[in-house]
Structures are given as C-alpha cells and as structure tokens.
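Take a look at the structure below.
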Amino acid sequence: MKVDVALFAYLSDCQPDGLGGRHARAFDLVEGTTVAHVIADLALPDQPRIVFVNNRHAAEDSTLHEGDRLAIFPPVAGG
Amino acid sequence: MERTPSIHVPACGLPGTPLPEPESEDVLRARLAASSVAIVGCGGLGSNVAAMLLRSGVRTLILIDFDVVEQSNLNRQLFFRDQIGRPKTEALAETLRRIDPGARLTLVQERVTAETLVEFVTGADVIVEAVDRAETKAMVLDTCLDGLPGTPIVTASGLAGYGSANEILTDELADGLYLVGDLASDVSAGLPLLASRVMVAAAHEAHEVIRLLLGVLEP
C-alpha cells in the first residue's frame, strides 16, 4: 500500500532519499504497518515527537492504510 | 485611547465563528472581549502573549505556570526586578491588571501533567502552548489534541538564536494545530533565547490566537 510520509525539522534528514525537506515522500508499505514500524524502520531518534495521520493527531500504535498521509513533527526547546 | 463600556453591546457571535464583514472595531473588540484563552507556560512566550492578547481586547485568560520569577528571566520575559522570587502567574497578573484592571484572570500555579492539564484549560476558546522544554511541548500537544479535539492550539517551536526574524512563520500543521517558529532552532550554547526573536514568536502566537477568535480560516 502507498502511504505519504512527511518528516519535519531535523527528522527530515531521516528520509531514505537523503534529500531532507518537509515535503512528503510516497512509501510502499505492507498491510498492517503501524506508525511505530515506520519510526523504527527510519531509525528516527528517540526525541519528543507528535504524530499525525491525515491531519489528525494519532498514536504511534495506529495502523496505517492505503492513501494515508503520515506526518511526524519534533518540537524543539525554547519559550 | 481609553475605551469606555457602552450600553449597546454589539452582537459579536461566538469566538471562532466567521464574522460578517466588514465589521466595525466595536464588533471585533466585543468578540475578543467575549473570548477566553488558556496560556500554558508564562515565560518568554507566555508572558508576552498574555500582554498582547490583553492589549488587543481579550479579557479572560487562564495563566498556567509552576515557576517563580528569576533574575535570568528578565532578558526576555515580562517581569521586573522587584518581582524576583514571586510566582510567575501572580507577578504577571499584577502587570496585566495595570493594563486592564477588569481582566478576568485565572491563575494556576502548578506544574501541569497529562493527568491535570485538560481540567485547567477546559472552557478556553484557544489554548496557547508556551512552555520551554521539548518534552513538555510534546506532552501539552498530545494531551490537548486528544483531550480537547475541538479546541484550537497555537504552539511554538524554533525561536532560539539570531537567525533572521523572517524565518519565523505561522503554519497550520494539522487540524486545529497552528505552529509558530522556524521549526529548527533549538536552544543551545550558540543559540540563546534573545528577546527580539522570542518576541517575534510570541507576537505570531498572539496574532494567530486573535485570527482564530475572529473566525479567520488559514489558507
């Protein structure tokens, strides 16, 4: 199944094409893949992050579906 | 100019709903005066956001912070030397009441957790995330997006250092979540929090709150 994956800020360095940037890339995933699987496969650093699927907040154990748009945003300190 | 209460209260509709346009200043200010905003964190972002909202006409604020004013806060936060050692919520409320004695301020001097936060911010028309640590920002966003999915949240990430102020933008990151900042500039030895850039981010946050309260939908 095809899922679009966008990684924000420093996480964009983990996109497999190595090109960075916050725009989404199309991933070909097997049925039953969860957000946590994608995070593990991309070896995202263990830092605070917020997950969205189809523009809505989602848990990392959410199962992805054909056509979903996954976005992961890591807040950085400062206030 | 000092605004005096008028006998005629213009119909301003509910916060967040579109205003018929063009509207008079009275209607815009009445809408803001009827609104309530929760500010989580009263440091460099939150203290300045609170003052800007109040000056713009928002008169009901929930101010949340566990900390006390320290000397090191004075380089960017809306506090004064004679307030060092006092709870930030209390010191900020004192300053805000010098601007608007009739402001309705709810002070929460607590370190919020995922278990307590929703109760404190329930009833606000918009929530402002204005804490400092990345872990706390994530907790505030996770908790509010799950617990109060109908309440918009304005958050900030990436405001440290002396990079161009023009890199600080406001974006709708997801449904109901508005993100201010350059997304990247983490606080570090070479990237301190400078009043000018923190204020730019605070102004973006306050202005996004005002747009949300006036029912403006971001493109």
Side-chain angles (χ1 to χ4, degrees), chain A residues 2-15 17-27 34-40 42-79, chain B residues 39-49 65 76-77 128-149 153 155-161 171-177 179-188 191-194 197-198 201-202 205:
Chain A
K2 290 280 192 294
V3 171
D4 282 338
V5 178
L7 303 175
F8 289 87
Y10 60 85
L11 294 183
S12 69
D13 294 342
C14 300
Q15 284 281 12
D17 61 16
L19 298 176
R22 61 191 283 181
H23 58 286
R25 272 60 153 206
F27 280 36
T34 65
V35 174
H37 290 139
V38 175
I39 289 170
L42 291 173
L44 298 190
D46 187 19
Q47 295 293 329
R49 58 190 168 228
I50 314 286
V51 172
F52 304 94
V53 176
N54 300 330
N55 268 351
R56 293 183 177 277
H57 186 232
E60 293 193 5
D61 61 1
S62 304
T63 302
L64 295 163
H65 300 94
E66 170 71 29
D68 277 351
R69 287 169 290 124
L70 168 64
I72 304 177
F73 159 66
V76 298
Chain B
I39 301 175
V40 188
C42 297
L45 290 169
S47 63
N48 290 305
V49 167
D65 201 299
R76 66 189 187 282
Q77 305 185 15
V128 179
E129 176 282 302
V131 301
D132 50 2
R133 297 175 62 237
E135 293 82 359
T136 319
K137 287 177 184 283
M139 182 278 285
V140 169
L141 298 184
D142 277 335
T143 302
C144 293
L145 289 165
D146 280 347
L148 294 165
I153 307 173
T155 186
S157 181
L159 46 108
D171 251 343
E172 185 174 10
L173 186 64
D175 291 350
L177 180 63
L179 172 63
V180 166
D182 66 19
L183 276 66
S185 302
D186 205 350
V187 181
S188 65
L191 292 179
L193 291 167
L194 297 170
R197 211 161 187 261
V198 172
E205 284 202 295

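Neither the backbone nor the side chain of B:Thr136 comes within less than 4.5 Å of any heavy atom of chain A. For a residue to count as touching a neighbouring chain, one of its non-hydrogen atoms must lie under 4.5 Å from one of that chain's; by this rule B:Leu173 touches chain A with backbone and side chain alike. The part of A:Phe8 that comes within reach of chain B is its side chain, from C-beta onward, which places non-hydrogen atoms under 4.5 angstrom from that chain. There is no contact between B:Ala160 and chain A, counting heavy-atom distances below 4.5 Å. For B:Asp182, no part lies near chain A; criterion is any non-hydrogen pair under 4.5 Å.
Atom CG of residue B:Leu183 and atom CZ of residue A:Arg22 lie 5.5 Å apart, to the nearest 0.5 angstrom. Note: B:Thr155 OG1 to A:Ile50 CD1 = 8.0 Å, rounded to the nearest 0.5 Å. Expressed to the nearest 0.5 Å, how far CZ of A:Phe73 lies from CG of B:Leu141 amounts to 7.0 Å.
A distance-only check finds no donor-acceptor pair linking the side chain of A:Arg49 to the backbone of B:Ala138 [under 3.5 Å].
In terms of heavy atoms, B:Val187 sits closest to A:Gly78 at CG2-CA, 3.6 Å. Residues B:Ala174 and A:Asn55 share a closest heavy-atom pair of CB-O, 3.3 Å. Nearest heavy-atom pair across A:Pro75 and B:Ala134 is O-CB, 3.3 Å.
Side-chain atoms of B:Asp186 and A:Tyr10, non-hydrogen and from C-beta on, never get closer than 4.5 Å to each other.
Within 6.0 Å of CG on A:Asp17 lie more than 12 heavy atoms contributed by other residues, nucleotides or ligands.
Interface remark: of the candidates B:Met139, B:Arg133, B:Arg76, B:Lys137, B:Lys137 forms the most heavy-atom pairs closer than 4.5 Å to chain A.
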